[in-house]
2 protein chains.
Amino acid sequence: MRMDSLTTDADPHTQKSTVTQLRAFLAQSDLPDDGRLPPERELSAALGISRTELRKALDVLEAEGQIWRHVGKGTFMGSRPLDTFADIAALARRSNPAEVMRARIVIEPEIARAAAFTATPADITEMRLCLARSRQADSWRQYEGWDTRLHRTIAEATQNGLLLGLFDTLNAVRRAVTWGRLRALPVRPAPDHHSFREHEAIVDAIEHRDMAGAANAMRNHLRTVERKLLDKQLRAAEEG
Amino acid sequence: MRMDSLTTDADPHTQKSTVTQLRAFLAQSDLPDDGRLPPERELSAALGISRTELRKALDVLEAEGQIWRHVGKGTFMGSRPLDTFADIAALARRSNPAEVMRARIVIEPEIARAAAFTATPADITEMRLCLARSRQADSWRQYEGWDTRLHRTIAEATQNGLLLGLFDTLNAVRRAVTWGRLRALPVRPAPDHHSFREHEAIVDAIEHRDMAGAANAMRNHLRTVERKLLDKQLRAAEEG
DNA sequence: TCAGATACCAATTTGCATTTGGTCTATAAT
DNA sequence: ATTATAGACCAAATGCAAATTGGTATCTGA
């Protein structure tokens with residue numbers, strides 16, 4: 001450990017003064033709402049210091065967490081916005097089937113409730129179409145396709161693009177999460193498959209503008225799915 | 001009656017033939033990996049038919065679910081992929097403050113309900129901390145920081161990483177959406193600001209494991225925020 | 001009456017120039 | 001010798017105009 005590293009830090013006074021000068025400038029200048037401060041080239045000119053020196057001062061503020069920077073974007077006051085967790089793969093890696101199921105049970109009933117209030121006749125027509133097609137499905141894969149589309153149509157019926165986006169994210173994670181794994185069985189869902197009745201109850205409630213009924217029907221449906229899923233995992237655990 | 005001699009007329013035979021011709025073309029031409037087929041203008045020229053007629057044939061294929069189309073993008077084979085916009089910026093561009101508020105009212109009460117079931121003592125301690133800090137805030141910016149952290153702590157308390165991820169997405173969109181715009185007023189929130197009472201009601205309910213109460217308190221809080229937001233927009237509209 | 005051609009529209013993509021933080025180098029200063 | 005300065009360059013990000021593309025309306029002609 002060489003002590004001269006401290007002395008070569010040449011004049012702590014100088015450094016501190018530039019940081020102080022910068023702090024003062026930032027305190028008195030009113031920044032735009034997004035907290036962005038001027039580009040380094042402008043700021044250094046405005047402060048009458050070199051860009052190098054300014055950057056050293058900015059390094060200090062960044063280390064203190066006062067500012068955050070990003071190439072091409074700029075330098076901003078405040079703390080860096082949390083990493084957009086919107087990465088499906090990352091979410092899926094951190095999650096698991098049970099968690100996905102719980103999240104669905106939290107989110108989707110409320111989406112159904114909202115849809116019961118905002119759904120257009122066209123939405124309901126499409127829901128009915130999904131119902132019919134899912135009954136006619138020749139394979140589980142086809143059935144799953146129409147099931148997914150029904151749930152998404154309900155999310156669309158909220159007429160809220162953000163809710164639809166959140167639903168899509170949830171759905172993408174659901175598909176990405178590694179389950180036991182979906183069988184591509186040639187057999188088709190039994191005509192008395194529980195989802196048929198449950199799906200119909202949901203669409204009926206939405207059609208009748210029964211918000212509470214829609215939420216309950218969706219919750220009931222997802223809880224049944226959850227139960228079947230847990231049963232399946234148990235059986236797989238016993239067999240495996 | 002000789003049907004086959006009158007091929008110039010617009011009978012079902014002609015229409016069907018264009019569809020067949022199109023099918024044959026698509027079968028023998030190798031499309032790029034994304035399944036995109038040539039623009040309508042090119043394709044109609046290549047097939048020696050008018051764009052109108054081609055579009056009618058494409059309409060048939062689309063109804064059959066063989067292809068999907070999107071303005072500005074093109075026409076593609078296969079089923080339409082769900083636009084998985086996990087992209088915050090894209091979501092924000094398509095959304096607006098009112099929509100964000102509605103989405104919060106749909107999602108967050110249920111998150112609070114789940115949190116009331118799963119919150120740990122440590123979670124509740126942190127919520128109380130956020131409450132206290134928000135009361136002590138010197139500026140709206142500081143207050144907003146603690147408010148955001150409180151809501152996120154509640155989402156964390158669900159112990160569900162996926163729900164937390166969805167909440168973060170919602171929150172990121174909320175920040176990204178351009179409002180009237182947040183004032184950087186030097187004044188601090190009044191000591192009797194409505195959010196203080198409402199936040200406390202939420203945390204109280206969570207602490208008492210009162211799931212319905214937590215959901216109601218959160219809904220009540222967000223509805224108040226929504227009302228204030230609308231009032232503000234109205235005033236801004238009148239002034240501007 | 002209806003297919004065909006044309007023009008226009010809005011959503012989207014593409015390409016290019018600009019901006020911006022990050023980094024390196026040469027020069028001058030001390 | 002060290003350091004500060006200025007300048008140049010890079011990659012990421014942005015902004016903008018032009019081109020592309022599916023969708024739609026209008027006019028024409030048979």
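Each chain gets a letter, A, B and so on, in the order the sequences are listed, and its residues count up from 1. Atoms considered below: every heavy atom in the structure, side chains included; atoms not considered: hydrogens, waters and symmetry mates.
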**Message:** Just the rounded figure in Å: distance from C1' of dG7(D) to CG of Leu54(A).
**Reply:** 16 Å
**Prompt:** Are Glu200(A) and Arg128(A) ion-paired here, with the side-chain N under 4.0 Å from a carboxylate O?
**Reply:** no
**Gap between atoms CD1 and C1', on Ile49(A) and dT3(D) respectively (whole Å)** = 16 Å
**Any side-chain heavy-atom pair of Phe76(A) and Ile67(A) under 4.5 Å** = no
Please tabulate the protein-to-nucleotide N/O contacts below 3.5 Å involving nucleotides 26-28 of chain D, giving atom names and distances.
none

**Donor-acceptor side-chain pairing of Ser95(A) and Glu99(A) below 3.5 angstrom** = yes
**Message:** Would Arg152(B) pass as a cation-pi partner of Phe167(B), given that its NZ or CZ must be under 6.0 Å from the six-membered ring centre and within 45 degrees of the axis?
**Reply:** no
**Message:** Under a 4.0 Å threshold between the charged nitrogen and the carboxylate oxygen, would Arg113(A) count as salt-bridged to Glu108(A)?
**Reply:** no
**Item:** Whole-Å gap separating C1' (dG22(D)) and CZ (Phe76(B))
**Value:** 11 Å
**Message:** Does the protein touch nucleotides 18-26 of chain C at the base, only the backbone, or not at all? Give it as B, S and - per nucleotide, heavy atoms under 4.0 Å.
**Reply:** --BBBB---
**Asked** Crowded around Arg102(B) CZ? As in, over 12 foreign heavy atoms under 6.0 Å?
**Response** no
**Asked** How far apart are the C-alpha atoms of Asp168(A) and Arg174(A), what are their side-chain angles, what is the distance that settles it, and do they pass the salt bridge (charged side-chain N to carboxylate O under 4.0 Å, His left out) test?
**Response** CA-CA 10 Å; Asp168(A) 280 342; Arg174(A) 179 172 70 83; over 6 Å; no
**Request:** Report yes if the side chains of Ile111(A) and Met218(A) come closer than 4.5 Å at any heavy-atom pair, otherwise no.
**Result:** no
